[in-house]
Asker: 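Supplied in structure tokens, the structure appears directly below.
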Amino acid sequence: MSTPTSVVTPVVIAVDGPSGSGKSSVSKAVAARLGLAYLDTGAMYRAATVWCTRRGTDLSDHTAVAADVVAMPLEMGVDPRRPGVTLDGDDVAEEIRTTAVSAAVSKVATNLAVRAELKRRQREAIDAERTGGFSGGRGILAEGRDITTVVAPDADVRILLTASEEARLRRRALDVHGAADASAVEATRDQVLRRDRDDATVSQFEVAADGVVTVDSSDLDLEQTVEAVLAVVANVTGMTTASASSA
Ligand SMILES: Nc1ncnc2c1ncn2[C@@H]1O[C@H](COP(=O)(O)OP(=O)(O)OP(=O)(O)O)[C@@H](O)[C@H]1O
Ligand SMILES: Nc1ccn([C@H]2C[C@H](O)[C@@H](COP(=O)(O)O)O2)c(=O)n1
């Protein structure tokens, strides 16, 4: 009699949402608890911005930027507890979060040739986790602006994570300025609202597409939002943190 082998069915979870909705924090926690890989696609656009800037490329020169990005030696770490970002072996995890990069990234993210190249790499990373990779074939959670609609419209679970404008500005102000008073909130408007306006010209992340479940985190804290996303995943796939830890 042959020994039964446990077969892991890979799960792909796609999460989109506007700036400050909590995508990165919530997605990392969900992926870690479910034993999945984690892909921060926004970090890829940010790394592309750093790469082109380092090369002295004018970010409004679409052709030159696209050529730089096609040749970009980017490595994305997909461990949700330590998601690294390196360019030609150089750790840029901190540099990609600077205000200068946040202010410039939409110029690169609205370049359609750049989007095509990064979409190709994102699909490759997702496919690698279906059969092996960091997760050993358990699967991946990818988050960004166009994951539910363009990069992985066939994902098993598709979630739009939203929050009111007020909540998003408050969260970002706390992150960047350590305070959420009126002047701190005002100082984050460009980073949150102007960026969303620009990014929304090429991706649809403000309204859920057909089949995408909306999770509104405006009145939830971080842990409650993680629980809400885990509940959607359990509802759609049956996958729970208990089943993840016993697999
Ligand atoms: N439900 C929540 N309640 C309170 N704070 C939250 C909640 N979700 C996230 N945060 C906090 O808000 C901040 C912004 O979250 P995060 O960076 O994950 O958002 P994001 O959607 O990935 O933003 P961006 O797209 O601009 O990178 C973080 O400090 C995070 O801890
Ligand atoms: N799939 C994606 C992911 C991100 N972007 C853009 C939007 C942002 O301006 C920028 C950085 O993303 P963040 O780190 O703030 O989530 O990249 C996109 O267009 N598509």
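Ligands are counted one by one from 1 in listed order, and the atoms in each one are counted from 1 as well.
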Asker: Taking atom types as modelled and ignoring hydrogens, do the side chains of R171 and S25 form a donor-acceptor contact shorter than 3.5 angstrom?
Answerer: no

Asker: So is R195 polar-close to ligand 2, meaning N/O to N/O under 3.5 Å?
Answerer: yes

Asker: Give, for atom CZ of R121 and atom CG of L39, the distance between the pair rounded to the nearest 0.5 Å.
Answerer: 12.0 Å

Asker: Can you tell whether the side chains of D196 and R172 come within less than 4.0 Å, N to carboxylate O?
Answerer: no

Asker: Going through the distances and angles, do V85 and M76 end up as a side-chain contact (heavy atoms from CB on, under 4.5 Å)?
Answerer: CA-CA 5 Å; V85 188; M76 293 298 297; 4.0 Å; yes

Asker: Using a strict 4.0 Å cut-off to heavy atoms of D221, name the atoms of ligand 1 that fall inside it.
Answerer: 1 (N), 2 (C), 3 (N)

Asker: Would you check the N or O atoms of S24, main chain and side chain alike, for any that come under 3.5 Å of an N or O of ligand 1?
Answerer: yes

Asker: What part of R46, side chain from CB on, backbone N/CA/C/O, both or neither, has a heavy atom under 4.0 Å from ligand 2?
Answerer: side chain

Asker: How far is atom 6 (C) of ligand 2 from its nearest protein heavy atom, and which residue and atom name does that atom have?
Answerer: A109 CB, 3.7 Å

Asker: Could you tell me whether ligand 1 has any atom less than 4.0 Å away from a heavy atom of G42?
Answerer: no

Asker: Within the 4.0 Å heavy-atom shell around P18, which atoms of ligand 1 are there?
Answerer: 21 (O)

Asker: Identify the closest protein heavy atom to atom 8 (N) of ligand 1: which residue and atom is it, and at what distance?
Answerer: L222 CD1, 3.4 Å

Asker: Quick one: do R197 and E206 make a salt bridge, cutoff under 4.0 Å?
Answerer: no

Asker: So, are E117 and R120 salt-bridged, with charged N and O less than 4.0 Å apart?
Answerer: yes

Asker: Might you work through the side-chain contact (heavy atoms from CB on, under 4.5 Å) test for S24 and Y38, ending with a clear yes or no?
Answerer: CA-CA 9 Å; S24 304; Y38 161 71; 3.8 Å; yes

Asker: Do the charged groups of D198 and R195 touch, with an N to O distance under 4.0 Å?
Answerer: no

Asker: Among all protein heavy atoms, pick the one closest to atom 17 (O) of ligand 2 and tell me residue, atom and distance.
Answerer: Y45 CB, 3.4 Å

Asker: Answer with yes or no whether R195 contacts ligand 1, where contact means a heavy atom under 4.0 Å from a ligand atom.
Answerer: yes

Asker: Mind checking whether R145 has an N or O less than 3.5 Å away from an N or O of ligand 2?
Answerer: yes

Asker: What is the distance from atom CD1 of I159 to atom OG1 of T214, rounded to the nearest 0.5 Å?
Answerer: 9.5 Å

Asker: If only atom types and distance count, is the side chain of R189 paired as donor or acceptor with the main-chain N or O of L169 below 3.5 Å?
Answerer: no

Asker: Decide whether S102 and R46 meet the rule of one side-chain donor and one side-chain acceptor closer than 3.5 Å.
Answerer: yes

Asker: Can you list the atoms of ligand 2 that are under 4.0 Å from a heavy atom of S106?
Answerer: 9 (O)

Asker: Could you check atom 29 (O) of ligand 1 against the protein and tell me its nearest heavy-atom contact, residue, atom and distance included?
Answerer: D175 OD1, 2.6 Å

Asker: Taking the side chain as everything from C-beta on, heavy atoms only, tell me whether R138 gets closer than 4.5 Å to V11.
Answerer: no

Asker: Side chain, backbone, both or neither: which part of R97 comes within less than 4.0 Å of ligand 2 when only heavy atoms are counted?
Answerer: side chain

Asker: Out of Q224, R172, K23, whose heavy atom sits nearest atom 17 (O) of ligand 1?
Answerer: R172

Asker: Compute whether any side-chain donor of one residue and acceptor of the other, for T237 and D156, lie under 3.5 angstrom apart.
Answerer: no

Asker: Mind checking whether T225 has an N or O less than 3.5 Å away from an N or O of ligand 1?
Answerer: yes

Asker: Which residue supplies the protein heavy atom nearest to atom 10 (C) of ligand 2, what is that atom called, and how far is it?
Answerer: V105 CG2, 3.6 Å

Asker: Within the 3.5 Å criterion, strictly below it, is a donor on E75 or T86 matched to an acceptor on the partner's side chain?
Answerer: no

Asker: Please determine if D88 and R54 form a salt bridge, counting it only when a charged side-chain N lies under 4.0 Å from a carboxylate O.
Answerer: no

Asker: Have a look at T110, T201, D146, T41 and point out the one with the heavy atom closest to atom 3 (C) of ligand 2.
Answerer: T41

Asker: If you take the nearest heavy atom of each of R171, Q191, R145, R97, which one is closest to atom 11 (C) of ligand 1?
Answerer: R171

Asker: Could you find the nearest protein heavy atom to atom 7 (C) of ligand 2 and give me its residue, atom name and distance?
Answerer: D199 OD2, 3.0 Å

Asker: What's the shortest distance from atom 19 (O) of ligand 1 to any protein heavy atom, and which residue and atom give it?
Answerer: G22 N, 3.2 Å

Asker: At less than 4.0 angstrom from any non-hydrogen atom of G144, what atoms of ligand 2 do you find?
Answerer: 1 (N), 3 (C)

Asker: Which residue and atom name correspond to the protein heavy atom nearest atom 12 (O) of ligand 2, and how close is it?
Answerer: G42 CA, 3.4 Å

Asker: Please list the nearest protein heavy atom to atom 19 (O) of ligand 2 with its residue and the distance rounded to 0.1 Å.
Answerer: R115 NH1, 2.7 Å

Asker: What protein heavy atom is closest to atom 18 (O) of ligand 1, reported as residue, atom name and distance in Å?
Answerer: S25 OG, 2.5 Å

Asker: To the nearest 0.5 Å, how far apart are SG in C52 and CE in M72?
Answerer: 7.5 Å

Asker: Would you say ligand 1 has an N or O under 3.5 Å from any N or O of L220?
Answerer: yes

Asker: Should G20 be listed as contacting ligand 1, given a heavy-atom distance under 4.0 Å as the test?
Answerer: yes

Asker: Would you say S19 contacts ligand 2, with heavy atoms under 4.0 Å as the rule?
Answerer: no

Asker: If the cut-off is 4.0 Å to any non-hydrogen atom of S21, which atoms of ligand 1 fall inside it?
Answerer: 21 (O)

Asker: Determine, step by step, whether V226 and V26 satisfy the side-chain contact (heavy atoms from CB on, under 4.5 Å) criterion, reporting the C-alpha distance in whole Å, the side-chain angles of both residues, the deciding distance to 0.1 Å, and the verdict.
Answerer: CA-CA 5 Å; V226 171; V26 171; 4.3 Å; yes

